[in-house]
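On a predicted model such as this, the values are computed, not experimentally measured, just so you know. A note on names: the letters A, B, ... follow the listed sequences, proteins ahead of strands, and every chain is numbered from 1.
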There are 2 protein chains.
Amino acid sequence: MNRIKRKPTHPGKIIMEDYLKPLSITVTEMALSLGVSRKTLSKIINERGAITPDMALRLGRALDTTPDLWMNLQKNYDLWQAEHMSKDWQKVKPLSPEQLHANIQETANNPMNQSGL
Amino acid sequence: MNRIKRKPTHPGKIIMEDYLKPLSITVTEMALSLGVSRKTLSKIINERGAITPDMALRLGRALDTTPDLWMNLQKNYDLWQAEHMSKDWQKVKPLSPEQLHANIQETANNPMNQSGL
DNA sequence: TTACTTGTAACCTAATGGGTTACGCATGTC
DNA sequence: GACATGCGTAACCCATTAGGTTACAAGTAA
């Protein structure tokens, strides 16, 4: 369940450390190559912007990776942020285990169940 | 590389089909339980709203799942949408394989590399 | 009929992605 | 020293979107 992991690396850091630096590509060049403004890429690299699906696709093509890689990095980052920022979600009460587990079995085998799952 | 998969199921459909229906929980009840407005949940269920990180955390608690489950469903959905909507990202030219592969090795072993990776 | 459930429109606020232009700073080059 | 590059970022604009409240019409069940 390891919900207590360290802060995930921001996708922008990966771009910088694993690609731009090793390949000696400037932010300006990369932005041009991706077809986005320098500002957009700069924001991401400085961890002030997020990887959008569109950007994930662009990065995937440019860097020969799956778009999912970038989506996942962003997803993990966002989730960690939300988890540690607002605590409001912790007030949510789990549905009772009886409902969640017992009933699922019941309904699944119950001929009265019309839902057609 | 299977980039040609079918349209992913929207998270809202999962909520409805796998939870609300089997458990006989109404949208109104669930919204209350999650601590969000009925509108917010309704939009998601009718595939007109997205799972935000905050919502993923709420669903995780309420339904005894990982938040990642919901984040992943949304991520796959978003990526598929972006992939099939705008085609602009396809114009992005991959960095040359020489840069992407050869150079990575070079720089990694090159004493001149100052980046300290 | 009456009550409950639901989708959704209308309206408002706050946040966010993306673009352009421009400025100041650091670094490298001639 | 003078000039060019690269970069972060501010200022400003636009479009979209999450989320909330209120309200209405329609469907369903008691």
Could you work out which one of C:dT6, C:dT8, D:dG8 sits closest to the side chain of B:Val27? C:dT6

Is the phosphate of C:dG18, meaning OP1 or OP2, less than 4.0 Å from a side-chain N or O of A:Thr52? yes

Output the rounded distance in Å from CD1 (A:Ile51) to C1' (C:dG17). 12 Å

Among the candidates C:dG19, C:dC11, C:dG7, find the nucleotide nearest to the side-chain atoms of B:Lys39. C:dC11

The side chain of A:Ser42 lies closest to which of these nucleotides: C:dG18, D:dG6, D:dG8? D:dG8

Rounded off to whole Å, could you give me the CG-to-P distance for the B:Leu41 and D:dT21 pair? 14 Å

Contacts of B:Glu29 and B:Lys43 projected onto DNA chain C by closest heavy atom; the upstream (5') one is B:Glu29

Under 4.0 Å between a side-chain nitrogen and a carboxylate oxygen: does that hold for B:Asp78 and B:Lys75? no

Is A:Met55 close to A:Trp70 at the side-chain level, that is, under 4.5 Å between some pair of heavy atoms? no

Whole-Å distance, A:Leu32 CG to C:dG19 P, equals 12 Å

D:dC7 C1' sits how many Å from A:Ile45 CD1, rounded? 10 Å

B:Lys13 bridged to B:Glu17 by N-O distance under 4.0 Å: no

Between atom CG in B:Leu34 and atom C1' in D:dG20, what is the gap in whole Å? 15 Å

Would you kindly give the CG-to-P distance between A:Leu20 and D:dG8, to the nearest whole Å? 10 Å

Per A:Ser37 side chain, nearest of listed nucleotides C:dG19, C:dG7, C:dG17: C:dG19

Under 4.0 Å: is that the gap between some side-chain N or O of A:Thr40 and OP1 or OP2 of C:dG19? yes

Any chain of hydrophobic side-chain contacts (each under 4.5 Å) joining A:Tyr19 to A:Tyr77? no

Separation of A:Ile25 atom CD1 from D:dC7 atom P, in whole Å? 11 Å

Taken to the nearest whole Å, CD/A:Gln81 to C1'/C:dT16 is 15 Å

Quick note, A:Asn46 side chain, CB onward, closest among D:dT9, C:dG19, C:dT8 is D:dT9

Is A:Glu83 close to B:Pro67 at the side-chain level, that is, under 4.5 Å between some pair of heavy atoms? no

Just to confirm, is there a sub-4.0 Å distance from OP1 or OP2 of D:dG8 to any side-chain nitrogen or oxygen of A:Arg38? no

Given D:dG6, is OP1 or OP2 found less than 4.0 Å from the side-chain N or O atoms of A:Thr28? no

